[in-house]
Amino acid sequence: MVSVRLRDVIDVLDQAYPPRLAQEWDSVGLVCGDPEQAVHSVTVAVDATPAVVDQVPEAGLLLAHHPLLLRGVDTVAASTPKGALVHRMIRTGRALFTAHTNADAAAPGVSDALADALGLRVEAVLDPMPAAAGLDKWVIYVPTENSEAVRAAVFAAGAGNIGDYSHCSWSVTGTGQFLAHDGASPAIGGIGAVERVPEDRVEVVAPARTRAQVFAAMRAAHPYEEPAFDIFALVPPPTGTGFGRIGTLAHPEPLRAFVSRVQAGLPPTSWGVRAAGDPDGPVSRVAVCGGAGDSLLGAAAAADVHAYVTADLRHHPADEHRRASRVSLIDVAHWASEFPWCGQAAEVLRSHFGASLPVRVCTICTDPWNVHPATETGSDHS
């Protein structure tokens with residue numbers, strides 16, 4: 001069997017769930033482990049708990065959705081619960097890697113997996129992310145004989161890159177006109193006479209962050225005392241990434257049937273499934289968000305959907321939403337809403353490594369709410 005390094009697995013995961021998509025407050029990536037070490041297996045889970053780690057073979061990787069170490073961490077001493085887990089993993093050659101909000105925002109990501117588990121065909125992102133860096137379009141008017149020099153200068157300053165291509169520009173030739181007044185030092189013509197000059201209209205794109213450099217390069221290469229140019233800040237195109245998804249059912253069904261669909265599509269938890277809305281109201285277009293999603297209630301209300309499936313809905317935001325919107329709410333356990341992602345992530349690795357790297361999904365329920373009300377016989381379902 002071909003030896004797979006931890007670095008190789010990280011490369012695949014970073015491609016599927018780019019770290020740049022993570023929120024600023026988040027902590028994603030390698031928690032413990034040597035990137036050069038050999039990895040004999042991968043176990044995928046929502047949370048890194050002692051019970052989950054028990055199922056990770058020695059020299060194996062645990063890929064977890066939720067970060068083990070997030071806010072205010074200043075110790076991993078073995079005398080602390082999380083520190084003890086880290087020490088235990090290191091001693092046994094186990095590695096821990098986290099893909100959290102980057103997996104939420106990726107396409108496909110956590111909400112795509114949730115939509116698929118509910119039988120929805122994804123059509124759009126509920127809360128799209130803008131392009132990582134804004135772009136400017138530069139339109140520069142330059143005498144034809146100087147246009148190549150201006151192009152070369154702005155290219156060197158960072159303009160003209162589109163995807164895997166560089167030195168990209170578009171131009172057309174026309175006639176420029178100007179009249180120089182007293183005090184001017186025209187490069188062409190003289191004071192008091194209208195000049196008409198063959199000029200190229202040169203268009204290039206450049207990252208907005210390079211605006212000062214492109215401007216300086218253009219001015220240095222342009223022959224005119226007062227170059228004519230325009231800078232347009234471009235609206236970023238949709239990236240396909242972002243939080244939540246909007247999907248459709250193959251056939252409309254009443255809310256009560258859709259709630260049953262949600263219950264059947266997700267693993268059972270003590271939290272269960274609860275809904276707010278007209279039980280007989282039709283549902284065909286649905287918004288979903290894996291994990292805590294009440295921050296997207298406004299987006300769901302504006303999305304022309306019949307229902308919104310998410311987790312951890314609080315009383316007051318849900319109440320305010322129901323007063324102002326006809327969009328039904330379906331609230332599920334946080335863990336259950338994100339568990340379908342484990343299968344998605346496992347398939348990403350299986351499709352790349354095949355038989356050279358065993359990958360399994362840990363089915364242990366790590367939802368913190370673990371006790372049902374007692375039944376008539378006095379037992380519970382914990």
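Predicted model, so just to flag it, every value in this text is computed and none were measured. We count residues from 1, following the sequence as given.
Residue pairs meeting the salt bridge (Lys or Arg N to Asp or Glu O under 4.0 Å) criterion with at least one partner in residues 21-30, sequence neighbours excluded, are absent. The stretch residues 231-249 participates, sequence neighbours left out, in these salt bridge (Lys or Arg N to Asp or Glu O under 4.0 Å) pairs: Asp112-Arg245. Within the structure, side chain to side chain donor-acceptor pair (under 3.5 Å) contacts touching residues 212-235 (residues at least two apart or in different chains) are Glu199-Tyr224.
Not counting sequence neighbours, the partners of Pro35 by the side chain to side chain contact (heavy atoms under 4.5 Å, CB included) test are Arg7, Leu30. Among residues two or more places apart in sequence or in another chain, the ring-ring contact (aromatic ring centres under 6.0 Å, His included) test is passed with Phe215 by Phe229. Qualifying salt bridge (charged side-chain N to carboxylate O under 4.0 Å, His left out) partners for Glu347, counting only residues two or more places apart in sequence or in other chains: Arg350. Qualifying ring-ring contact (aromatic ring centres under 6.0 Å, His included) partners for His66, counting only residues two or more places apart in sequence or in other chains: His100, His334. Contacts of Glu58 classified as side chain to side chain contact (heavy atoms under 4.5 Å, CB included), with partners at least two apart in sequence or in another chain: Thr92, Arg94. Looking at residues two or more places apart in sequence or on another chain, you find no ring-ring contact (aromatic ring centres under 6.0 Å, His included) involving Phe258. In terms of the ring-ring contact (aromatic ring centres under 6.0 Å, His included) criterion, His87 has no residue partners (sequence neighbours excluded). In this structure Arg91 satisfies the salt bridge (charged side-chain N to carboxylate O under 4.0 Å, His left out) test with no other residue, sequence neighbours excluded. In this view, Val31 and Leu69, Leu96, Thr98 satisfy the side chain to side chain contact (heavy atoms under 4.5 Å, CB included) rule, not counting sequence neighbours.
Heavy atoms of other residues, nucleotides or ligands lying less than 6.0 angstrom from CH2 of Trp170 number more than 12. Other residues, nucleotides and ligands contribute over 12 non-hydrogen atoms within 6.0 Å of the CD atom of Gln23. Open room surrounds CD on Gln263; 12 or fewer heavy atoms of other groups in view lie less than 6.0 Å from it.
Asn161 approaches Ser166 most closely through the heavy-atom pair OD1-CB, 3.2 Å. Closest approach of Met129 and Leu21 over heavy atoms only: CE-O, 3.9 Å.
Residues Pro57 and Thr43 meet the side-chain proximity criterion, which asks for heavy atoms closer than 4.5 Å. Annotation: side chain of Val142 is in contact with side chain of Pro223 (closest heavy-atom distance under 4.5 Å). Looking only at side-chain heavy atoms (C-beta outward), Asp34 and Leu6 stay at 4.5 Å or farther from each other. Under the 4.5 Å side-chain criterion, counting only non-hydrogen atoms from C-beta, Arg256 is in contact with Asp280. At a threshold of 4.5 Å between non-hydrogen side-chain atoms, the residues Leu120 and Leu249 count as touching.
With Gln344 contributing its side chain and Gly109 its backbone, the two residues share a donor-acceptor pair below 3.5 Å. For Thr310 (side chain) and Cys289 (main-chain N/O), a donor-acceptor pair under 3.5 Å exists by modelled atom type.
To the nearest 0.5 Å, atoms CG (Leu61) and CG (Leu63) are separated by 6.0 Å.
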